[in-house]
2 protein chains.
Amino acid sequence: MELNDKERMILDAAAEVFADKGFFKATVSEIANEAGVAKGTIYFYFESKRDLFKSLITSKTEALHQGIRKGQQKGESFENQIKEIISSKLKFFAEEEGLAKSIIYDYAGMDEGFKLELWELRNKHTEKIAEIFQKAIDDGVLRNISVDDTVTVLLGTVHAFGYKNYLSPVEEDVSIAETVDIIYDLFMQGVQK
Amino acid sequence: MELNDKERMILDAAAEVFADKGFFKATVSEIANEAGVAKGTIYFYFESKRDLFKSLITSKTEALHQGIRKGQQKGESFENQIKEIISSKLKFFAEEEGLAKSIIYDYAGMDEGFKLELWELRNKHTEKIAEIFQKAIDDGVLRNISVDDTVTVLLGTVHAFGYKNYLSPVEEDVSIAETVDIIYDLFMQGVQK
């Protein structure tokens, strides 16, 4: 997905409105208003509110994937690559709390077809991360485990810490850098003595 | 929470109705109907639909806590105790899909006060699991890590596998026993070679 300036501006506005009102209460008119464009302009670039929501998630994950590709090209260490992913995700929870809540919570109310589309986005995302794990297994950095299970463990752990520290009713005052180190250590070494 | 037969029967009915309709669409009348009692009977035992929902979650987690206590009294190994917890949780996802979805999804729509009450239930639950980890650290089975972080890793991982295998739009055909072993192995050993 290559975005032009107008699309980028519209998605930024959509992010604001979804964060503030959630998916279901947000309207395309409000998003147009926030972006300072006519409603027709939005429909020129995006099919529907659903399309806006999906494009927004796609653009967020693509930014992360671009970071991953850069790390791969630069030959960053496995540790740096994984810590960068953990950190980006925690930052999203901490800094875009409203949008994170909308994505996590509003998913429940989506129809099955849209849930499936969003689940496919999730799968594309996990495949990118799986590539890093596959290379680390080939390089002898990781045990010979299922890369798919490994992604599930990492994302489940990051979401649990992200929710607990930054979205839960009793937020905890733990810095992102500290949380990244805790997650990476437990993920790599496990808990056994 | 000690339940008498009538309360137990009402909560079983509430579980059916919440699983079928979700928290917000369910009504106390339907729960009374499902239980085969008058609506007044429900209000004799429970204050509100909210109280029914909270009591249901409490009774589910207390059943799990009772299992934990039994395991501790019998002197079960750390491995057996943890595998039993992972297994009970995955079974809940796999066998009570509707209720699991209602608890995960409807949480979003609750008011802040009720979210806090439910978060406190979660904390009581994590404290029980933390006890097992503390003992395992004292016994030299686990590294000297934060028990709180350890619970977050375990629950985040179990939820991610439970969701992916049993609740997601594309459910996966992995048995509970197999999933328990995968989770326990990655949790204990980590992914590093």
Side-chain angles (χ1 to χ4, degrees), chain A residues 22 78 82 101-102 104-109 112-120 122-123 126 133 136-137 139-165 168-170 172 174 179 182-183 185-193, chain B residues 22 78 82 101-102 104-109 112-120 122-123 126 133 136-137 139-165 168-170 172 174 179 182-183 185-193:
Chain A
F78 174 77
I82 296 303
K101 281 187 175 170
S102 167
I104 297 171
Y105 289 161
D106 292 337
Y107 179 81
E112 291 306 310
F114 197 39
K115 271 190 185 149
L116 190 58
E117 287 179 42
L118 295 175
W119 188 250
E120 280 162 6
R122 180 246 177 223
N123 288 340
T126 58
F133 290 139
I137 291 170
D139 291 350
V141 174
L142 298 191
R143 306 196 268 141
N144 193 9
I145 42 184
S146 146
V147 288
D148 199 39
D149 291 339
T150 304
V151 176
T152 304
V153 172
L154 183 68
L155 296 188
T157 302
V158 171
H159 289 173
F161 275 93
Y163 188 83
K164 179 166 166 281
N165 288 0
S168 77
V170 188
E172 298 191 17
V174 191
T179 310
I182 291 170
I183 293 174
D185 170 61
L186 290 169
F187 174 67
M188 291 299 279
Q189 317 278 346
V191 299
Q192 196 164 37
K193 195 159 187 172
Chain B
F78 174 77
I82 296 302
K101 281 186 176 171
S102 167
I104 297 171
Y105 289 161
D106 293 337
Y107 178 81
E112 292 306 311
F114 197 38
K115 271 189 186 151
L116 190 58
E117 287 179 42
L118 295 175
W119 189 251
E120 279 163 5
R122 180 248 176 220
N123 287 341
T126 58
F133 289 138
I137 291 170
D139 291 350
V141 174
L142 298 191
R143 305 195 269 142
N144 192 12
I145 42 184
S146 146
V147 289
D148 200 38
D149 291 338
T150 304
V151 176
T152 304
V153 171
L154 183 69
L155 296 188
T157 302
V158 171
H159 289 173
F161 276 94
Y163 188 83
K164 180 167 167 279
N165 289 359
S168 77
V170 188
E172 299 192 17
V174 191
T179 310
I182 291 169
I183 293 174
D185 170 60
L186 289 169
F187 174 68
M188 291 299 278
Q189 318 277 347
V191 299
Q192 195 163 38
K193 195 156 187 173

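In what follows, chains are A, B, ... by sequence order, proteins preceding strands, each numbered from 1.
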If you count heavy-atom pairs under 4.5 Å with chain A, which of Ala108(B), Ala136(B), Gly109(B), Gly140(B) comes out on top?
Ala108(B)
If you count heavy-atom pairs within less than 4.5 Å of chain B, which of Lys115(A), Glu120(A), Lys164(A) leads?
Lys164(A)
If you count heavy-atom pairs under 4.5 Å between each of Leu155(B), Asp106(B), Thr150(B), Val170(B) and chain A, which one has the most?
Val170(B)
Do you know which of Asp149(B), Leu154(B), Ile137(B) has the most heavy-atom pairs under 4.5 Å to chain A?
Asp149(B)
Looking only at Leu116(A), Asn144(A), Thr152(A), Leu118(A), most heavy-atom pairs under 4.5 Å shared with chain B are made by Thr152(A)
Non-hydrogen atoms of chain B under 4.5 Å away: do they reach the side chain of Gln189(A), the backbone, both or neither?
both
May I ask you to test the Leu186(B)-Arg143(A) pair for a side-chain heavy-atom distance under 4.5 Å?
yes
Given a strict heavy-atom distance threshold of 4.5 Å, which part of Tyr163(A) is in contact with chain B: side chain, backbone, both, or neither?
side chain
Relative to chain B, which segment of Val141(A) carries a heavy atom at a distance below 4.5 Å: side chain, backbone, both, or neither?
backbone
Going from OG1 on Thr157(A) to CZ on Phe187(B), what distance comes out if it is rounded to the nearest 0.5 angstrom?
9.5 Å
Applying a strict 4.5 Å limit to non-hydrogen atoms, the region of Asp185(A) in contact with chain B is both
Identify which part of Ile145(A) has an atom lying under 4.5 Å from any heavy atom of chain B, answering side chain, backbone, both or neither.
side chain
Atom group of Asn123(B) that falls short of 4.5 Å from chain A, counting heavy atoms
neither
Which answer fits Leu142(B), side chain, backbone, both or neither, if we ask what part of it has an atom under 4.5 Å from a heavy atom of chain A?
both
Taking every non-hydrogen atom, the tightest pair across Gly156(B) and Ala160(A)
CA-CB, 3.6 Å
Need one label for Tyr107(B): side chain, backbone, both or neither, based on atoms under 4.5 Å from any heavy atom in chain A.
side chain
Heavy-atom proximity to chain A below 4.5 Å, by part of Phe133(B)
neither
For a 4.5 angstrom cut-off between non-hydrogen side-chain atoms, does Phe161(B) reach Val153(A)?
yes
